[in-house]
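Okay, so here's the structure we're looking at.
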Number of protein chains: 2
Amino acid sequence: MNIREILAANLKRYRRERGVSQEELAHLAEIDRTYISSLERCQYAASIEVVDRLAKALGVEAYDLLRLV
Amino acid sequence: MNIREILAANLKRYRRERGVSQEELAHLAEIDRTYISSLERCQYAASIEVVDRLAKALGVEAYDLLRLV
DNA sequence: GTGTGACTTGGAGTCCGTG
DNA sequence: CCACGGACTCCAAGTCACA
């Protein structure tokens, strides 16, 4: 499992746990909706700033999104 | 302290703990020395793949480089 | 051993849409 | 609500010479 896949898995998991859609998360994190979809499909290696914004929107720390649980 | 600063601090700390120069780390992680220098000076928001390669070279997990200790 | 400016380019990230 | 596409913009990624 590479780093993109870890991010993708954590993104999906935390997002669904909170019951928010990709669109709602996109709004909260001020990131494009289609880009979040891409990240959940391991299409890109996000920057740490994007990871940080997504983490804040999900109420976790940035490193939580890169850690296997 | 933003995410770039956290990465920079952890990079410096782990690197010095292991007693390796930017040049040696650059060789280990197969990343240009001046780019590592840039990251330690918060010049860029690195991608998670770069963070992952640096982490492996330092013998830690990627999320360790984004976590305040 | 490290900082820095200048440079190129591939990919991160956005915006429009569709099924 | 999401996957996926094309067409864009702009910065991370990578290299070099020099201080």
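The figures that follow rest on heavy atoms only: side chains count, while hydrogens, waters and symmetry mates do not.
- For the segment residues 54-69 of chain B, no residue has any heavy atom less than 4.0 angstrom from an atom of DNA chain C.
- For B:E40, the side-chain hydrogen bond (donor to acceptor under 3.5 Å, both in side chains) partners at least two apart in sequence or on another chain are B:R15, B:Q22.
- A 6.0 Å sphere centred on CD of A:E24 holds more than 12 heavy atoms belonging to other residues, nucleotides or ligands.
- Annotation: ring pair (Phe, Tyr, Trp, His ring centres under 6.0 Å) contacts of A:Y63 (sequence neighbours excluded): none.
- Residue pairs meeting the salt bridge (Lys or Arg N to Asp or Glu O under 4.0 Å) criterion with at least one member in residues 3-14 of chain B, sequence neighbours excluded, are A:E49-B:R4, B:R13-B:E17.
- If you chain together ILVMFWY residues whose side-chain heavy atoms come under 4.5 Å of each other, B:L68 ends up grouped with B:M1, B:I6.
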Next item on the list: Classify every nucleotide of nucleotides 13-19 of chain C by which part a protein heavy atom approaches to under 4.0 Å, writing B for the base, S for the sugar-phosphate alone and - for neither, in 5'-to-3' order.
Entry: BBBBB--

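- Within residues 7-22 of chain A, the residues having any heavy atom under 4.0 Å from DNA chain D are, by residue number, A:R15, A:S21, A:Q22.
- With sequence neighbours left out, B:R67 forms a side-chain hydrogen bond (donor to acceptor under 3.5 Å, both in side chains) with B:D64.
- Annotation: side chain to side chain contact (heavy atoms under 4.5 Å, CB included) contacts of B:D52 (sequence neighbours excluded): A:I3, B:K56, B:A62.
- Evaluation of the side-chain hydrogen bond (donor to acceptor under 3.5 Å, both in side chains) rule for B:N2 yields no partner, not counting sequence neighbours.
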Check: In dot-bracket notation, what is the pairing pattern of DNA chain C, taking Watson-Crick (N1-N3 plus N6-O4 or O6-N4) and G-U wobble (N1-O2 and O6-N3) contacts under 3.5 Å, with [ ] crossing and | for other strands?
Finding: .||||||||||||||.|||

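- Listed by chain and residue number, A:R41 satisfy the side-chain hydrogen bond (donor to acceptor under 3.5 Å, both in side chains) test with A:Q43 (two or more places apart in sequence, or in another chain).
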